[in-house]
Each structure stands twice: as C-alpha cells, then as structure tokens.
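Input: a single structure, listed below in structure tokens.
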2 protein chains.
Amino acid sequence: MVNSFMEIPLLDPLAGLPGYALRRAANAMMAELARRLATLDLRISEASVLMLVGERRDVTSSAIGRSLDIQRANMVPLLSRMESAGLIAREPIDRKSQAIVLTDAGKLRLKAADMVTTTFEADLLERIPQEHRPHFLPALHALWD
Amino acid sequence: MVNSFMEIPLLDPLAGLPGYALRRAANAMMAELARRLATLDLRISEASVLMLVGERRDVTSSAIGRSLDIQRANMVPLLSRMESAGLIAREPIDRKSQAIVLTDAGKLRLKAADMVTTTFEADLLERIPQEHRPHFLPALHALWD
DNA sequence: TATTGTTATACTCTATAACTATA
DNA sequence: TATAGTTATAGAGTATAACAATA
C-alpha cells in the first residue's frame, strides 16, 4: 500500500464546479424520486405524462414529447407501456392525430402520483437552507430555457 | 383539429416543480457540456476521470468510482476506452490493486479539458441572474450529500 | 472477511434515420 | 410542405449478480 490515505475521500476536487454539482444533485434527487414512484409502478417519465395529460385536453403524443423534451420516436414505447398498463387511451382527433387521455385507472394513479411528488418536492426544498431556497427555482429556470 | 391551440406550448404545468426544473436544467447543461467536450473526443465521465486523477496519486479504479459515484463494474469499460485512447496507464500498487495514472497525452488532454470546463462553468454561472448566483452551489450541495 | 478487478447481463434514457399517411 | 405516428437501431449511463485473487 503506497498511500495509506488512498481510500479516504478527503475532498472532491470537482465539488466546487457548479455544473458538476448540478449533475450530482439532479442524479441524487431523481434516484430518490424514482424510488418513491416505483412503489406506484411508475417511472419518472410516466408520472410526468400523467401530470401533463391530466391538466390538458387533446394532447397528442408529439405535443407531450415537445413539452417534456422527449422525442417523438421515444414516446412510442413510453405510451405503449402506459396503454398496456391501462393508464391511458387514444382517441382519434382526425385521421392523422390521436389524443392521449387518461383512463379512470390513469386518473386514480395520477392522484397517487401527485401525492408522492408533492411530498417529494416539499422534502427537496426542506433540504435547502432557508436563505438559499427562494433562489433555487429562478436559477434553474435561467439554465433551462 | 379539435383544439387549434393544441400545438402552442402555453405554460408547462410542471415548470413550477423544483425537482422537475432541476432535472431539465441538469439535462440541458450536461448536453451542452457533452457537446463541447466532444470536440476533444471526451465524454463527461472521461473528463471527470482526467480531472480527478490529475490531482491525485495512486488512485485505484474502485476509488475513482466511489468519488464519481460510478460503480466498480462500470469503471471497467470506461477505463479500458481511456487506456486504448492512450490517456491513462495502470501501475501496480500491490499484487491486487493498480494505480490509474495519466500518460503525457492524458495530461495534455486534461489541460484542454480544463479550459473547456472552465469556460463552461463561467458561461453557466453567467446565465444565472446575479442575485441568485451565490445561492446556487450551496443549494446544490445541500441536495447532493 | 473485506476489497479489487473483472465478466456478463439487462434496463433506461437518449439520438438518428427513414418510412407512410395525413394536415 | 410540414407534421403525426411509427419502426429500427445505436450509444451512453446505470444496476445487479457473480467470480477469482489478494489485502
């Protein structure tokens, strides 16, 4: 053993980088959210679809994808799984487009997902010291758009 | 066409959720960083390894993984690719462990990666309005650990 | 006993190209 | 012409289980 302190993670030299910290924080929080949503047999992307469709009408697969930044092609297996699970149904808008709507089971699952995410968001904010808390969402939005 | 406003992304009902905004901001920023590092033929994980190993000595594959939150098993293909690219080499510590060290080419690539990430981090911070900026890193660290 | 390095495997997310049909 | 829905495919990250060899 050349260096006996080798195994002690003294100080992460990358921790001071906002971009790196952003990635680590997002990974940690999303892993926690995924764990909680798994109790409802939902992935994060599926819960997002439920919440989005629950508040809108006549939302097509493509429109959902644009909102959530998921490509058209990747919406196909996502919505297929949700349809197989009985959470959503497709209703024709015209001969080209279909509206994604929630089934009764989907609405019920949405209620449960809303409770989980509400608790999750509250827990997340509570971890941030009060003086930093009001600045968090505005800072994120500045990066997002 | 049932709803002519269907295609207009009026207001994302999920945008107010800090967790959702955290994910979107991290995705957007990491996509941008990945794009910039790609000009150096580096992935984010590879640049992270370069920066970590560049500041330490006798760091084993397992220790790097613990620092970067990458599992042992997933370090294997990562380091293999970097070794094939001539960026790192392995030096025996004992008959069980190997130290990951930077080759000359690795040190050169690290310098380039440092310039890219320094610019990236500065650009990231500049996008955040001044009054929110000092609160960003502390808030992220509160979520991370 | 615990840890290192490794192999194998599988799942999720993401990205691109291409095609058909319809607006 | 542009858009919707789809298929196929590939890359990247991540997760678990298992194994041999060594600390």
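Please read these numbers as outputs of a predicted model, since none were measured by experiment. Note on naming: letters A, B, ... go to the chains in the order of the sequence lines (proteins, then strands), and numbering restarts at 1 for each one.
Residues meeting the side chain to side chain donor-acceptor pair (under 3.5 Å) test with Asn27(A), sequence neighbours left out: none. In this structure Arg43(B) satisfies the side chain to side chain donor-acceptor pair (under 3.5 Å) test with no other residue, sequence neighbours excluded.
The structure places CZ of Arg23(B) at 9.5 Å from CG of Asp69(A), a figure rounded to the nearest 0.5 Å.
The shortest side-chain heavy-atom distance between Ile70(B) and Leu78(B) falls under the 4.5 Å cut-off.
Considering only side-chain N and O atoms, Gln71(B) lies nowhere under 4.0 angstrom from the phosphate OP1 or OP2 of dT14(D). In terms of phosphate contacts, Ser62(B) brings no side-chain nitrogen or oxygen within less than 4.0 Å of OP1 or OP2 of dT3(C). Taking only side-chain nitrogens and oxygens, Arg35(A) never comes nearer than 4.0 Å to OP1 or OP2 of dA15(D). Between Ser97(B) and dT4(C) there is no side-chain N or O to OP1 or OP2 distance below 4.0 Å. Contact annotation: Arg72(A) side-chain N/O to dT14(C) OP1/OP2 distance is not under 4.0 Å.
Between Gln98(A) atom CD and dA23(C) atom P there is a gap of 12 Å when expressed in whole angstrom units. Put simply, CG on Leu68(A) is 14 Å from C1' on dC13(C), counting in whole angstrom units. The nearest whole Å value for the distance from the CG atom in Leu37(A) to the P atom in dC13(C) is 11 Å. Spacing between atom CG of Asp94(B) and atom P of dA2(C) amounts to 19 Å, rounded to whole angstrom units. Here the C1' atom of nucleotide dT6(C) and the CG atom of Leu78(B) are 15 Å apart, to the nearest Å. Going from atom CD of Glu91(A) over to atom C1' of dG5(D) covers 17 Å, rounded to whole Å. Following rounding to the nearest Å, Glu46(B) (CD) and dA12(D) (P) show an atom-to-atom distance of 9 Å. If you measure from atom CD1 of Ile93(B) to atom C1' of dG5(C), you get 12 Å, rounded to the nearest angstrom.
For Val76(B), the side-chain atoms get nearest to dT6(C) when compared with the rest of dT6(C), dA21(D), dA4(D). The Ala73(A) side chain lies nearest to dT6(D) when the options are dT6(D), dG5(C), dA8(C). Of the listed nucleotides (dT4(C), dA4(D), dT14(D)), dA4(D) has the atom at the smallest distance from the side chain of Lys96(A). Which of dA18(C), dA23(D), dG5(C) sits closest to the side chain of Thr60(B) comes down to dG5(C).
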Which protein N or O atoms sit under 3.5 Å from an N or O of nucleotides 9-12 of chain C?
from, atom 1, to, atom 2, distance (Å)
dT12(C), OP1, Arg43(A), NH2, 3.1
dT12(C), OP2, Arg43(A), NH2, 3.3

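Contact annotation for Arg95(B): backbone-only contact, meaning every heavy-atom pair under 4.0 Å involves sugar-phosphate atoms and none involves a base. When heavy atoms are screened at a 4.0 angstrom cut-off, Arg23(A) is found touching no nucleic acid atom at all.
Listed for the Glu55(A) side chain is no donor-acceptor partner under 3.5 Å among the backbone atoms of Pro13(B). Ser97(B) places no side-chain N or O within donor-acceptor distance of the main-chain N or O of Ile93(B), the cut-off being under 3.5 Å.
Along DNA chain D, the nucleotide closest to Ser61(A) and the one closest to Asp69(B) are compared, and the more 5′ of them pairs with Ser61(A).
Here the closest non-hydrogen pair linking Leu37(A) and Ala47(A) is CD1-CB, 3.7 Å. Shown here for Ala139(A) and Ile128(B), the closest heavy-atom pair between the two residues is CB-CG2, 3.8 Å.
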